[in-house]
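Please read the structure below before turning to the comments.
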Amino acid sequence: MTESAPYAVTPSRLTTLVTFAEEGSVVGAARRLVVSESAVSVAMSALSRDLGVPLVERVGRGVELTPAGTTYLAYARRVLGLLEQGWAAARGVGEPGRGRLRLAVVTTAADQLIAPLLASFSTVFPDVELQVDVGNSVEVWDLLAHHEVDLVLAGRPPGAASGRIAARRDNLLVVVARPSSAATFAEGETTWLLRERGSGTRASLEGLLASRDLDPPRMVLGSNGAVVAAAVAGLGAALVSADAVAAELASGTLAVVAVSGTPLVRPWHLVTGVTPTPATRLFVEHVLSVPGWRAAGP
Ligand code: PGA
């Protein structure tokens, strides 16, 4: 009888694979994990041997994931995310106030909404360890889908959201421009100031323009702050959350432009994984006690 090879899949090797993919090189993964480059190569060879297919291949002077490696990577992320979630869930049983909460927030909500919620939550539950990731819409939903966070705060969830909507809050997107530009605004000709690809706000604007068959000039800026500053400077018009420009509208440095189809209703959603951890449930309850938030209907 032949002895089967020891099972090579371990959390540490999966972490090596995920880190390699994130860093894009063996050198980068080794540096981040504080191990030797050969330890990274050995881990990936062991996984490849175990699966019976190469996960990485040499391309030019570097090493890249094979198509099988890319497919396996998504599973590796989920497995590691679930292990972490299981740890937090088990530790939180009986003592939810001592658990860990991993939260991902879209940039716009990070600018306007999350800080007071975290501050008031931490006052009541100082022993919940908070881990917050900020990214654009595509990035945060990807983290939830891979169980790498317990909770997402963002605009509209994607069609096949791998989670449960726990709470909602009103949010309106308005078109703004400097008052002098607002007076001469022409929706097909004025330059539109856009967030980066992957932004939910940008997707909303692209949807609005497409629905009106418009293809105006666009200028892409990487953050809400840059978009708002560009609008204040008179570089064009922007679609932004009304809360994000409340101060500029109040001081008159920006004005709302009446564009058909706006204001656009895009409520905030707080979405948990399918099986929320005890600390996640505590946070949701807390958010629901804050004025403006309401439980999501059935
Ligand atoms: P964004 O997300 O910050 O990626 O634009 C906002 C949203 O999802 O509504």
Side-chain angles (χ1 to χ4, degrees), residues 102-118 131-146 148-177 191-211 216 218-232 235-249 254 256-257 259 261-273 283-284 287 290 292-294 296:
R102 302 169 307 163
L103 175 67
V105 185
V106 284
T107 324
T108 311
D111 288 348
Q112 308 159 35
L113 279 183
I114 197 65
L117 290 177
L118 290 177
Q131 183 187 309
V132 184
D133 269 296
V134 176
N136 63 39
S137 189
V138 167
E139 289 163 347
V140 299
W141 294 117
D142 179 66
L143 290 171
L144 188 69
H146 289 89
E148 290 170 328
V149 294
D150 305 311
L151 197 62
V152 158
L153 171 53
R156 187 180 323 139
S162 43
R164 296 217 170 108
I165 299 172
R168 284 200 181 90
R169 187 184 196 279
D170 292 341
N171 179 38
L172 289 180
L173 303 184
V174 290
V175 176
V176 294
T191 299
W192 283 88
L193 307 165
L194 260 64
R195 286 270 308 282
E196 76 286 359
R197 242 177 242 291
S199 150
T201 314
R202 172 175 168 154
S204 302
L205 174 60
E206 291 294 5
L208 180 73
L209 295 176
S211 73
R218 294 161 171 83
M219 185 187 287
V220 179
L221 298 125
S223 71
N224 275 320
V227 165
V228 172
V232 169
L235 287 172
L239 181 77
V240 284
S241 168
D243 294 332
V245 284
E248 288 78 5
L249 292 176
L254 286 178
V256 172
V257 186
V259 172
T262 66
L264 238 149
V265 177
R266 189 174 166 89
W268 293 115
H269 290 83
L270 192 61
V271 181
T272 71
F283 188 74
V284 168
V287 169
V290 174
W293 286 93
R294 59 185 183 279

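Order of appearance sets the numbers: ligands from 1, and atoms from 1 within every ligand.
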- Task: Measure the distance from atom 9 (O) of ligand 1 to every protein heavy atom, then report the residue, atom name and distance (to 0.1 Å) of the closest one.
- Result: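 Of the protein heavy atoms, Arg266 NE, 2.5 Å lies nearest.
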- atom 6 (C) of ligand 1: nearest protein contact (heavy atom, Å):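 Of the protein heavy atoms, Thr201 OG1, 3.6 Å lies nearest.
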- Item | Ion pair check, Arg218 and Glu206, cut-off under 4.0 Å |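 Yes, Arg218 and Glu206 are salt-bridged.
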- Give a yes or no on whether a salt bridge exists between Asp133 and Arg102, defined as a side-chain N under 4.0 angstrom from a carboxylate O.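 So Asp133 does not pair with Arg102 through a salt bridge.
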- Relative to ligand 1, is Arg195 under 4.0 angstrom through side chain, backbone, both or neither, heavy atoms considered?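 Arg195 to ligand 1: side-chain contact only, backbone stays beyond 4.0 Å.
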- Query: Which atom names give the shortest non-hydrogen contact between Ser241 and Thr108, and what distance separates them?
  - Reply: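 In terms of heavy atoms, the two residues are closest at CB-CG2, 4.0 Å.
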- Query: How close do Trp141 and Ala154 get, heavy atom to heavy atom, and via which atoms?
  - Reply: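 For Trp141 and Ala154, the tightest heavy-atom pair comes out as CZ2-CB, 3.6 Å.
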- Relative to atom 2 (O) of ligand 1, which among Leu264, Val106, Asn171 owns the nearest non-hydrogen atom?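 That would be Val106.
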- Message: Would Thr107 and Asn224 count as a side chain to side chain donor-acceptor pair (under 3.5 Å) here? Give the steps.
- Response: CA-CA 8 Å; Thr107 324; Asn224 275 320; 5.5 Å; no
Can you list the atoms of ligand 1 that are under 4.0 Å from a heavy atom of [X]?
X: Gly155; answer: 7 (C), 8 (O), 9 (O)
X: Ser199; answer: 1 (P), 4 (O), 5 (O)
X: Asn136; answer: 4 (O)
X: Thr108; answer: 1 (P), 3 (O), 5 (O), 6 (C)
X: Gly200; answer: 1 (P), 2 (O), 4 (O), 5 (O), 8 (O)

- Message: Determine whether Phe283 and Thr272 satisfy the following criterion, side chain to side chain contact (heavy atoms under 4.5 Å, CB included), listing intermediate values before the conclusion.
- Response: CA-CA 10 Å; Phe283 188 74; Thr272 71; over 6 Å; no
- Task: Could you check if a side-chain atom of Val152 sits within less than 4.5 angstrom of a side-chain atom of Leu143, using non-hydrogen atoms only?
- Result: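 They are not in contact (no side-chain heavy atoms under 4.5 Å apart), so the answer is no.
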- Message: Under 3.5 Å between any N/O of Ser137 and any N/O of ligand 1: does that happen in this structure?
- Response: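 Between Ser137 and ligand 1, an N or O pair is found under 3.5 Å apart.
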